[in-house]
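Presented below is the structure to which this report refers.
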Protein chains: 2
Amino acid sequence: MKQPLHERIRSDFEARILSGELLPGARLPTELELMRDYDCARMTVSKALSALVAAGLIDRRKRAGTFVARPRVHSMVLDIPDLEQEVLQRGQRYHFELFNREVRTPDPAHPDEAALAGEGELILLEGVHFADDVPLAVEARLISLSAVPDIAASAFQGASPGAWLLKHVPWTEAETRIAAVPADRNVAARLHLALGSACLFVERRTWRGDEGITLVRQHFVGSAYDLIARFGSARRPSDG
Amino acid sequence: MKQPLHERIRSDFEARILSGELLPGARLPTELELMRDYDCARMTVSKALSALVAAGLIDRRKRAGTFVARPRVHSMVLDIPDLEQEVLQRGQRYHFELFNREVRTPDPAHPDEAALAGEGELILLEGVHFADDVPLAVEARLISLSAVPDIAASAFQGASPGAWLLKHVPWTEAETRIAAVPADRNVAARLHLALGSACLFVERRTWRGDEGITLVRQHFVGSAYDLIARFGSARRPSDG
DNA sequence: CAGTGGTCTAGACCACTGA
DNA sequence: CAGTGGTCTAGACCACTGA
């Protein structure tokens, strides 16, 4: 076996917990007992158990011992789509059409804008994502020019600002809000929808450290777009 | 300081990476150098760097060294709401009303049902989540009786099946699909909405190991509900 | 083939906290 | 106050891999 011992210990207990053999609240052996069971040093046991703590599977309390954690918080991994890639994978053509571009200072009436750029300048880019020449989403994106000065040199006809940013500007933090909204007049016109049609609304802010980079609001055609989030290690059969 | 040394080393480098001082691809000192810098044993350095690897901030390659990781894949953590908790945190009262409950075998016409329960029995629970007596979401939930036999004994008047499951049945894998859909006649009636109103649609399947546990489809009142996904370690100022 | 990380040992002292 | 986990040391051998 090339598998490290700490990994074997970790996966042993992971399996016993996930199978239900060890129920929430059940006590695990102490480090001393595990040293005997696996005939190893305490650091090795400690490394295995630390990984289980990090994974949220166990809790450890001094003097009391190590216990199977209560079922974890309900969180999953959401894949943030690269729209171009997704469209291409569906076998469709992709393009992006920019229909507005302005450079200005933050509007004091919009706290979002000042939060993004402080007193620096912003660039506003508005455009539509197309799949096979059918509108898929319309987006309005604000970018802080002080964080991303190179943006001024880019044209964004064909390629989307999001893809450009992803390549050029590493971000470290992001927050995404997801909602369902009716299409307003502007969105309906851009997406060729009836007024009030259900749209998936995605609003994302990204930062690098403490500096705001971009704020984007996207409206997707409800009938044409889903987001997928997953949790878990093994792949489902249906994943193909 | 009560802060462990390995944590200090970890947070030092985390800060330098997130601030942009250490850009992607930049080389970190070797373990030997860090032992000297922090005047500590190699295990202590190793523990700190292992945590950064786990967080995706650095990559380590033998012989080559330790490097700041390229901006990670575009994925975020989506908090799956415990509806009751969220409603209570908003200062509203919560309750759940069950309006349908059936036990049956999977309908061959619905591949979802066979995928969930195989040839075993299913229980179907349909109900509405209320916040201050206003409908917030309607859900239809299928549960595999072979995976969760105890479910037959529960009433689910007041508390939701989701909360019950979360407490009683640990799951290990889940998949969530998120979309915006217009309210159909049933949804509109249950949520007191106009036909065609934008609803956030959440469909989630959960498994324990290879065994399907539940499949739930929820329609949220679009104007009353958002999902939030986050990525990053530091909290934003707006997080309070 | 030498430098780097991966793993592991066999101890040690300490902090916490529940029996 | 004794058992438990948290941290740390000062080594060791090894595997990998890029200069």
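In what follows, chains carry the letters A, B, and so on, assigned in the order in which the sequence lines appear, proteins first and then strands, with residues in each chain numbered from 1.
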Here's a test of your reading of the structure: between L32(B) and D39(A), which maps to the more 5' nucleotide of DNA chain C?
L32(B)
For a quick check of understanding: with a heavy-atom distance under 4.0 Å over all strands, which category does L49(A) fall into, base, sugar-phosphate or nothing?
nothing
Classify the side-chain pair Y38(A)/D12(A) by whether it contains a donor and acceptor separated by less than 3.5 Å.
yes
Using whole Å, report how far CZ of R61(A) lies from C1' of dA19(C).
13 Å
Under a 3.5 Å threshold, yes or no: a donor from one side chain and an acceptor from the other, between R205(A) and T214(A)?
no
Minimum-distance nucleotide to R63(B) side chain [options: dT9(D), dT7(D), dG3(C)]
dG3(C)
If we count only N and O atoms by modelled type, under 3.5 Å, do the side chains of Y225(A) and E86(A) hold a donor and an acceptor together?
yes
Which one, dG18(D), dT4(C), dT9(D), comes nearest to the side chain of K62(B)?
dT4(C)
Where A147(A) and I213(A) come nearest, the two heavy atoms and their spacing:
CB-CA, 4.4 Å
Indicate whether OP1 or OP2 belonging to dC8(C) is found under 4.0 Å from a side-chain N or O atom of K47(A).
no
Under a 3.5 Å limit on both distances, the Watson-Crick or wobble mate of dT4(C) is dA15(D)
Quick check on DNA chain C: between H6(A) and T66(B), whose nearest nucleotide comes earlier from the 5' end?
T66(B)
Identify which nucleotide among dT4(D), dG18(D), dT9(C) has an atom closest to any side-chain atom of T30(A), counting heavy atoms from C-beta outward.
dT4(D)
At 4.0 Å (heavy atoms only), tell me whether L5(A) reaches a base, stays on the sugar-phosphate, or touches nothing.
sugar-phosphate
Indicate, with a heavy-atom threshold strictly under 4.0 Å, whether R42(A) touches base, sugar-phosphate, or nothing.
base
